[in-house]
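What follows is a single structure, written as structure tokens, with notes after it.
The first residue in the sequence is number 1, and the count goes up from there.
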Amino acid sequence: MLNFYGKSFTSRLLIGSALYPSPAVMQGAVRACGAEIVTVSLRREAAGGKTGGAFWSLVRQLGVTVLPNTAGCRSVRDAVTTAKLARELFATSWIKLEVIADNDTLQPDIVGLVEAADILIKDGFEVFPYCTEDLSVAMRLVDAGCKVVMPWAAPIGSARGIINRDALKLLRERLPDITLVIDAGLGAPSHAAQALELGYDAVLLNTAIARAADPVAMATAFRLGVEAGRTAFEAGLMEARDFASPSTPVVGTPFWHAVS
């Protein structure tokens with residue numbers, strides 16, 4: 001079972017609610033992937049008056065746990081304010097914390113992220129910080145009180161998959177008791193499987209599903225990828241080798257030689 005701040009979930013796939021061609025497709029994708037947690041942007045919910053209310057109603061119909069995020073925030077003050085508004089609107093202490101440093105890469109502002117996390121945790125929030133794969137940053141977030149850390153595999157929406165496997169593997173090894181979720185950069189079900197094979201607890205997806213030609217079918221594919229990766233991790237993957245190893249034993253095998 002997947003555990004977030006004392007709450008247990010069966011699915012190891014979290015899904016975003018943005019970018020879909022229609023609300024109906026979004027609902028279909030969420031159901032197809034089996035996600036029990038859906039991220040929601042406060043800006044999308046609050047904007048557009050009745051439109052925002054209608055969108056929130058669609059999400060509630062899914063019967064999922066909502067994880068509000070601070071998407072688009074570029075300062076500690078903005079992120080903290082957005083988180084407090086989200087807590088009032090969605091009636092939850094959960095917040096996916098994003099503090100963005102660069103408009104092109106959407107790379108997290110790691111200094112601002114740690115500062116904002118510290119402020120929010122002291123105010124009673126349960127923080128899901130979006131960060132890079134840097135071990136020192138993850139450790140500072142844990143020291144601040146985060147029980148979940150969400151490093152990227154690659155920049156948001158890039159679909160490049162895991163670009164720094166060694167760093168992510170090190171994170172998993174050094175933070176064995178922290179729930180780790182790969183957030184951002186996954187583009188294919190095989191990428192999700194690789195993340196789970198590394199021992200990561202879950203993945204969070206949006207663009208790879210929402211922008212697919214058939215989001216519902218892609219959501220199903222990612223569900224299967226996540227399940228395969230977790231099953232492989234639990235089964236115990238063999239270590240890679242530098243040399244060949246025969247699958248059929250050769251000791252005791254008779255060898256026939258022609259006699260001239």
### Query
Stepwise, does the side chain to side chain contact (heavy atoms under 4.5 Å, CB included) test hold for L120 with V80?
CA-CA 7 Å; L120 291 172; V80 169; 4.1 Å; yes

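- Contacts of R223 classified as salt bridge (charged side-chain N to carboxylate O under 4.0 Å, His left out), with partners at least two apart in sequence or in another chain: E227.
- Screening residues 98-108 for side chain to side chain donor-acceptor pair (under 3.5 Å) gives R74-N103, K96-E98, D102-T105 as the qualifying pairs, with residues at least two apart or on separate chains.
- Residues I162 and L106 fall into different hydrophobic clusters, defined by Ile, Leu, Val, Met, Phe, Trp and Tyr side chains chained together at heavy-atom separations under 4.5 Å.
- Using cut-offs of 30° and 60° for the angle between ring planes, the F128 and W94 rings count as tilted.
- Contact between G185 and S158 at its shortest, heavy atoms only, is CA-OG, 3.9 Å.
- Interatomic distance, R12 CZ to I182 CD1, rounded to the nearest 0.5 Å: 13.5 Å.
- Nearest heavy-atom pair across L196 and F233 is O-CB, 3.4 Å.
- Cluster membership for L168 and V149, using ILVMFWY side-chain heavy atoms within less than 4.5 angstrom, is shared.
- Looking at P68 and I95, their side chains come closer than 4.5 Å, going by heavy atoms from C-beta outward.
- Annotation for A192 and V226: closest pair CB-CG2, 4.0 Å, computed over non-hydrogen atoms.
- Scanning for salt bridge (charged side-chain N to carboxylate O under 4.0 Å, His left out) contacts around D134 gives an empty result, with sequence neighbours left out.
- One finds the CG atom of L171 at 10.0 Å from the CE atom of M139 (value rounded to the nearest 0.5 Å).
- Heavy-atom contacts from other residues, nucleotides or ligands closer than 6.0 Å to CZ of R230 number more than 12.
- Side-chain atoms of P108 and T132, non-hydrogen and from C-beta on, do get closer than 4.5 Å to each other.
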### Task
Go through the steps to decide whether L113 and L97 satisfy the test side chain to side chain contact (heavy atoms under 4.5 Å, CB included), and finish with yes or no.
CA-CA 7 Å; L113 179 68; L97 181 61; 3.7 Å; yes

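- Contact of the R31 side chain with the L62 side chain is registered, since non-hydrogen atoms from C-beta on lie closer than 4.5 Å.
- Between the side chain of T39 and the backbone N or O of N69 there is no donor-acceptor pair closer than 3.5 Å.
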### Task
Begin with the C-alpha distance, continue with both residues' side-chain angles, and end with the deciding distance and a verdict on side chain to side chain contact (heavy atoms under 4.5 Å, CB included) for L14 and F9.
CA-CA 10 Å; L14 289 66; F9 300 89; over 6 Å; no

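- L180 and Y130 are assigned to two separate hydrophobic clusters, defined by single-linkage of ILVMFWY side chains at heavy-atom distances under 4.5 Å.
- Within the 4.5 Å cutoff, the side chain of D123 has heavy atoms near those of the R87 side chain.
- The SG atom of C146 sits 12.5 Å away from atom CZ of F125, with the distance rounded to the nearest 0.5 Å.
- At a threshold of 4.5 Å between non-hydrogen side-chain atoms, the residues P189 and L224 do not count as touching.
- Clustering ILVMFWY residues whenever any of their side-chain heavy atoms sit less than 4.5 angstrom apart, transitively, puts L141 in a cluster other than the one holding I100.
- The backbone N or O of P215 sits nowhere less than 3.5 Å from a side-chain atom of Y20 that would complete a donor-acceptor pair.
- Between N206 atom CG and L186 atom CG the span is 11.5 Å, to the nearest 0.5 Å.
- Here OG of S17 is found 10.0 Å from CG of L67. Values are rounded to the nearest 0.5 Å.
- Side-chain contact between K84 and E88: absent, with no pair of heavy atoms (C-beta onward) separated by less than 4.5 Å.
- Within the model, atoms CZ of R160 and NE2 of H191 stand 10.5 Å from one another, a figure rounded to the nearest 0.5 Å.
- Minimum heavy-atom separation, L198 to R172: O-CG, 3.5 Å.
- The hydrophobic cluster containing L205 does not contain I156, counting ILVMFWY residues as joined when their side-chain heavy atoms lie under 4.5 angstrom apart, directly or transitively.
- Across all non-hydrogen atoms, the minimal contact from A35 to V64 is O-CG1, 3.7 Å.
- The side-chain heavy atoms of F222 and V203, taken from C-beta on, include no pair separated by under 4.5 Å.
- For the pair C33 and A219, the tightest heavy-atom approach, listed with the atom from each and the gap, is CB-O, 3.5 Å.
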